[in-house]
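Just follow the structure's listing: the first ligand is 1, and inside any ligand the first atom is 1.
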Amino acid sequence: MHNDIKKTVVSTNMLNAICVRLGKQISEDYANKKPLIIGLLKGCQPFVSDLLKNISVYCYIDYMTVSSYEGTSSVGSITIKKDLETNIEGLDVIVVDDIVDTGVTISSIRDLLLQRGASSVSVCTLLDKKEGRKVNVDVKYVGMPVPNEFVVGYGLDYNGLYRNLPYIGVLKEEIYKK
Ligand code: IMP
Ligand code: MG
């Protein structure tokens, strides 16, 4: 698996530092609240678990699965495949995702959660691909900006694989031709 990677974009050490920094920031911002952290599966998984360990305030945790990419190109708007178990009315929600690209996923979810009565919805993403943006969405917590390149690892996949890489990297071109 490691042989398929052309270059590392975010190292394991950098990922740790990001989780410490964002965890601290969230803990300060939500000092007197009990936020509900919503992880977007499956990509959020390593990130949200490392992030949670650095959040020192009381918080609730839930997950959603929404449709995202097929291969390396976007498929437009989203479908909910697994919904929340929590009634979010009156809760301060933090949506955690692996990467914001077009912004379609995060902005649709944000609208949905506000419609369902959340008091507030903020967005936390590990990576921000600003150049890919098609809809404007306010992303409060960003781990790291990344260039408009397809990346894998630490939750991010290519056709279901590479989520278990402990760092984030770019695949060699030949992998896409297989
Ligand atoms: P958006 O709706 O275009 O912002 O898409 C966000 C989703 O697309 C992310 O949660 C990822 O699942 C997927 N995605 C976007 N860029 C990449 C990438 O470079 N590698 C892997 N998945 C990506
Ligand atoms: Mg995703």
Side-chain angles (χ1 to χ4, degrees), residues 1-12 14-15 18-19 22 26 36-52 61-84 93-115 121-178:
M1 179 177 64
H2 295 279
N3 277 336
D4 296 352
I5 305 298
K6 183 169 74 177
K7 65 170 182 195
T8 303
V9 176
V10 194
S11 69
T12 304
M14 284 161 83
L15 290 167
I18 287 169
C19 292
L22 293 180
I26 289 171
L36 167 68
I37 315 281
I38 299 179
L40 301 186
L41 293 172
K42 303 171 182 147
C44 74
Q45 206 211 341
F47 175 49
V48 83
S49 57
D50 287 343
L51 180 69
L52 285 170
I61 300 155
D62 205 343
Y63 297 94
M64 277 178 103
T65 308
V66 299
S67 71
S68 62
Y69 278 13
E70 293 286 340
T72 57
S73 66
S74 180
V75 290
S77 68
I78 59 151
T79 340
I80 298 173
K81 292 181 178 165
K82 181 217 171 285
D83 210 335
L84 297 170
V93 172
I94 307 171
V95 182
V96 178
D97 204 0
D98 49 5
I99 187 166
V100 178
D101 181 13
T102 62
V104 169
T105 309
I106 227 62
S107 93
S108 318
I109 287 176
R110 198 170 178 280
D111 292 349
L112 175 77
L113 299 176
L114 287 170
Q115 246 173 53
V121 179
S122 67
V123 175
C124 175
T125 184
L126 174 62
L127 304 177
D128 187 3
K129 228 189 238 183
K130 274 215 168 73
E131 287 165 58
R133 208 68 99 249
K134 287 181 185 153
V135 295
N136 196 31
V137 57
D138 179 32
V139 185
K140 187 165 183 192
Y141 306 100
V142 176
M144 224 181 99
V146 282
N148 206 356
E149 235 179 338
F150 196 79
V151 290
V152 296
Y154 198 66
L156 293 136
D157 72 305
Y158 171 62
N159 288 342
L161 298 177
Y162 306 102
R163 293 191 198 274
N164 55 317
L165 275 180
Y167 52 88
I168 290 168
V170 176
L171 288 171
K172 292 175 181 165
E173 276 85 21
E174 66 223 51
I175 305 300
Y176 299 113
K177 291 176 194 136
K178 275 182 187 167

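Which parts of ligand 1 touch T105 is read off a 4.0 Å heavy-atom cut-off, strictly below it: atoms 1 (P), 2 (O), 5 (O), 6 (C). Those atoms of ligand 1 with a heavy atom of L156 less than 4.0 angstrom away are 20 (N), 21 (C), 22 (N). Heavy-atom proximity to D97, at under 4.0 Å, picks out these atoms of ligand 1: 10 (O).
Residue V152 places every heavy atom at 4.0 Å or more from ligand 1. The closest approach between a heavy atom of D98 and any atom of ligand 1 is below 4.0 Å. The closest approach between a heavy atom of E149 and any atom of ligand 1 is below 4.0 Å. Using a non-hydrogen distance threshold of 4.0 Å, G103 registers as a contact of ligand 1.
Side-chain N or O atoms of R163 include none that pairs as donor or acceptor with a backbone N or O of Y154 at under 3.5 Å. At least one donor-acceptor pair under 3.5 Å links the side chain of T125 to the backbone N or O of L127. Between the side chain of K134 and the backbone N or O of G103, no donor-acceptor pair lies under 3.5 Å. No side-chain donor-acceptor contact under 3.5 Å links S107 to the backbone of V137. K140 places no side-chain N or O within 3.5 Å of a backbone atom of V121 that could act as its donor or acceptor partner.
Contacts between D157 and ligand 1, counted as non-hydrogen atom pairs separated by less than 4.0 Å, involve the backbone only.
Around atom NZ of K130, no more than 12 heavy atoms belonging to other residues, nucleotides or ligands sit under 6.0 Å away. Heavy-atom contacts from other residues, nucleotides or ligands closer than 6.0 Å to CG of N148 number more than 12.
Comparing heavy-atom distances from atom 20 (N) of ligand 1 across L171, V104, V151 singles out V151 as nearest.
Residues I61 and L52 come closest through the heavy atom pair CD1-CD1, 3.7 Å.
Considering both main-chain and side-chain atoms, F150 never comes within under 3.5 Å of ligand 1 through any nitrogen or oxygen pair. For the pair D101 and ligand 1, the shortest N or O to N or O distance falls below 3.5 Å. Close N/O approach between V100 and ligand 1 is not found [any backbone or side-chain N/O within under 3.5 Å].
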